[in-house]
Amino acid sequence: MKDVIVVGAGPSGSYSSYILSRKGFDVANLEEHKEVGRPVECTGLVSKRVIDMVHTKSPVNSVHGAEVFFPDGESVHVRKNEKTIVMDRDQFDKDVSAMAISAGTDLRINSRVISVKVRPDHVEVRFRQDGNLKEEKARAVIGADGINSNVRKDVFGAVPRRIVSCYQVDSAVRLEDQDSVQVFVGSKVSRGFFAWATPSGDMTKIGLGNVGGGAKKYFDSFNRRFPDNRILGINGGAIPIAYLKKTYADRTLLVGDAAGIVKPLSGGGIYTGMVSGSHAARALESALENDDLSERKLSAYQKGWKSELGRELWIDGLVQRFFAMLGDRSFNSMYRFLSRPEIIDVINKTGDIDFPSRVVLTLMARNPWMFLSAFRHSR
Ligand SMILES: Cc1cc2nc3c(=O)[nH]c(=O)nc-3n(C[C@H](O)[C@H](O)[C@H](O)COP(=O)(O)OP(=O)(O)OC[C@H]3O[C@@H](n4cnc5c(N)ncnc54)[C@H](O)[C@@H]3O)c2cc1C
């Protein structure tokens, strides 16, 4: 019997497998696809924190700024000293998985988990490997199987509460400014989220997210802004932007997208997924050593990830829901607020893609009335 079966070899699953294997536990990591890292459904924008967690050659570009475009065509440019990395997500996932394998993880590709049953003294995981039905027992299971998690369905019976559907293309168009991500807000480009163009040399990732569905329709109209756009590939996907109330159960933990542990404002989930994966590994280490895999013991996992990310995700969630209510007139008045040099200075100094609430709270604390008046035209 394995100590832990980790379902899914995305960044959250591979990173928790890596930490547990390094501690000497017997870990199997089951991945439904024939290749780790494929298909890619990601823009690949991460902070240096993420790159520092992994031995990886995945960075392809780095940016220091963002140009935010408002509905009336005006834009604000912000810039940080710290760089944000644009990485090749396929390569990154393979690098995290390779780290786990070197530490001892038994990775099995082409292995789709179809059911998980929690018994009093073990878990039973049924999966189809290369088309053959198999069953494996373990002392515990980690559900790192993304937004459509089977582990979540079988053990928690829960569904993601708030979803952003995305449509993105890899485009053979070169942005003039290779040092800035372009961000677009307003009712023409997205319902409740935003659109983006992320440079990496002669290739640019152009996409948008929509709360609910219908991203393709918005994309078709947004894409007209890039008349030279030659599409190399289409990739999309959905992002859960509200975490589950409970992410632990007897012998079971949920990490990353499976648990909705994602930054609601940006939809970034690689950093938060890996942080949740490391807390899952830590909680399981103690539970396995004490042979106590009860829900009570594993509640330490949720305390752990919430102590590091809970406040941020909660505030981001509030701000995201607030932004989703804004109409174009509000965004345009927000431009007038954000374009002031002293405000841009605050954003440049406090901006952090992993902790975006810092900049929002700093702006509110310094200029509460001005900040609120920027939103007076909400729908
Ligand atoms: C268009 C788009 C752009 C994004 N851009 C960014 C970005 O720039 N920066 C950022 O930080 N985040 C971004 N994200 C979010 C990010 O991709 C996710 O938050 C991240 O991948 C979560 O990692 P994970 O390991 O939890 O889940 P996933 O990466 O989804 O990994 C889950 C794994 O489980 C496997 N799996 C699923 N079901 C089963 C099963 N039954 N049996 C076995 N294996 C299974 C899947 O094949 C997959 O490999 C973006 C998302 C989208 C859709």
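Note that ligands are numbered from 1 as they come in the structure, with each ligand's atoms numbered from 1 the same way. Values below: all heavy atoms of this structure, side chains included; hydrogens, waters and symmetry mates excluded. Starting from 1, each residue takes its place in the sequence as its number.
Only the backbone of Ala144 comes within 4.0 Å of ligand 1, judged by heavy-atom distances.
Side-chain atoms of Lys246 come within 3.5 Å of backbone N or O of Tyr248 as a donor-acceptor pair. Proximity of a side-chain donor or acceptor of Ser149 to a complementary backbone N or O of Ala258 within less than 3.5 Å is not detected.
Residues Asp316 and Lys263 are not paired through a salt bridge, judged by the lack of any N-O separation under 4.0 Å between the basic side chain and the carboxylate. Salt bridge Arg139/Asp121: absent, no basic N to carboxylate O contact under 4.0 Å. Using a cut-off of 4.0 Å between Lys/Arg side-chain N and Asp/Glu carboxylate O, Arg112 and Glu31 are scored as not salt-bridged.
Nearest protein neighbour of atom 13 (C) of ligand 1, counting heavy atoms only, is Cys42 SG, 3.7 Å. The protein heavy atom nearest to atom 2 (C) of ligand 1 is Glu41 O, 3.6 Å. Protein heavy atom at the shortest distance from atom 12 (N) of ligand 1 is Gly269 N, 3.1 Å. With hydrogens left out, the protein atom closest to atom 31 (O) of ligand 1 is Gly10 CA, 3.5 Å, a heavy atom. Atom 36 (N) of ligand 1 has as its closest protein heavy atom Glu32 OE2, 3.6 Å. Annotation: atom 40 (C) of ligand 1 to nearest protein heavy atom, Val113 N, 3.7 Å. Protein heavy atom at the shortest distance from atom 22 (C) of ligand 1 is Asp257 OD1, 3.3 Å. Looking from atom 48 (C) of ligand 1 to the surrounding protein, the closest heavy atom is Glu31 OE1, 3.5 Å.
At least one N or O atom of Gly44 sits closer than 3.5 Å to an N or O atom of ligand 1. The shortest N or O to N or O distance between Val262 and ligand 1 is not under 3.5 Å. In terms of polar-atom proximity, defined here as any N/O pair under 3.5 Å, Gln168 makes no such contact with ligand 1.
Ring centroids of Phe331 and Phe70 are separated by 6.0 Å or more, keeping the two rings apart.
When each atom of ligand 1 is checked for a heavy atom of Gly256 under 4.0 Å away, the hits are 26 (O). Numbered from 1 in the order shown, with element, the atoms of ligand 1 that lie under 4.0 Å from a heavy atom of Gly267 read 12 (N), 13 (C), 14 (N), 15 (C). Within ligand 1, counting atoms from 1 as listed, the ones closer than 4.0 Å to a heavy atom of Thr43 are 3 (C), 4 (C), 5 (N), 6 (C), 8 (O). Within ligand 1, the atoms closer than 4.0 Å to a non-hydrogen atom of Asn150 are 41 (N), numbered from 1 in the order shown. Residue contact check: Gly236 has heavy atoms under 4.0 Å from atoms 1 (C), 53 (C) of ligand 1. Near Leu30, meaning under 4.0 Å from any of its heavy atoms, are these atoms of ligand 1: 43 (C), 44 (N). Near His33, with a cut-off below 4.0 Å to any heavy atom, the atoms of ligand 1 are 47 (O). Near Ile239, with a cut-off below 4.0 Å to any heavy atom, the atoms of ligand 1 are 50 (C), 51 (C), 52 (C), 53 (C).
The heavy atom nearest to atom 30 (O) of ligand 1, considering only Gly146, Gly143, Ser111, is found in Gly146. Residue Ser12 holds the heavy atom nearest to atom 26 (O) of ligand 1 of all those in Ser97, Cys166, Ser12, Ser165. Which of Val7, Leu45, Asp354 comes nearest to atom 7 (C) of ligand 1 through a heavy atom is settled by distance: it is Leu45.
For the residue pair Asn223 and Asn229, a side-chain donor N or O sits within less than 3.5 Å of a side-chain acceptor on the partner. If you check the side chains of His64 and Thr84, you find no donor sitting under 3.5 Å from an acceptor. For Asp328 and Ser187, the side-chain atoms include at least one donor-acceptor pair closer than 3.5 Å. Side-chain atoms of Asp95 and Thr56 form a donor-acceptor pair, as typed in the model, at a separation below 3.5 Å. Donor-acceptor pairing under 3.5 Å is lacking for the side chains of Asn235 and Glu41. The closest side-chain donor-acceptor pair between Ser47 and Lys83, if any, does not fall under 3.5 angstrom.
More than 12 heavy atoms of other residues, nucleotides or ligands sit less than 6.0 Å from atom NZ of Lys306.
Looking at Tyr301 and Val255, their side chains come closer than 4.5 Å, going by heavy atoms from C-beta outward.
For the ligand labelled ligand 1, residue Arg89 lies inside the 4.0 Å heavy-atom shell.
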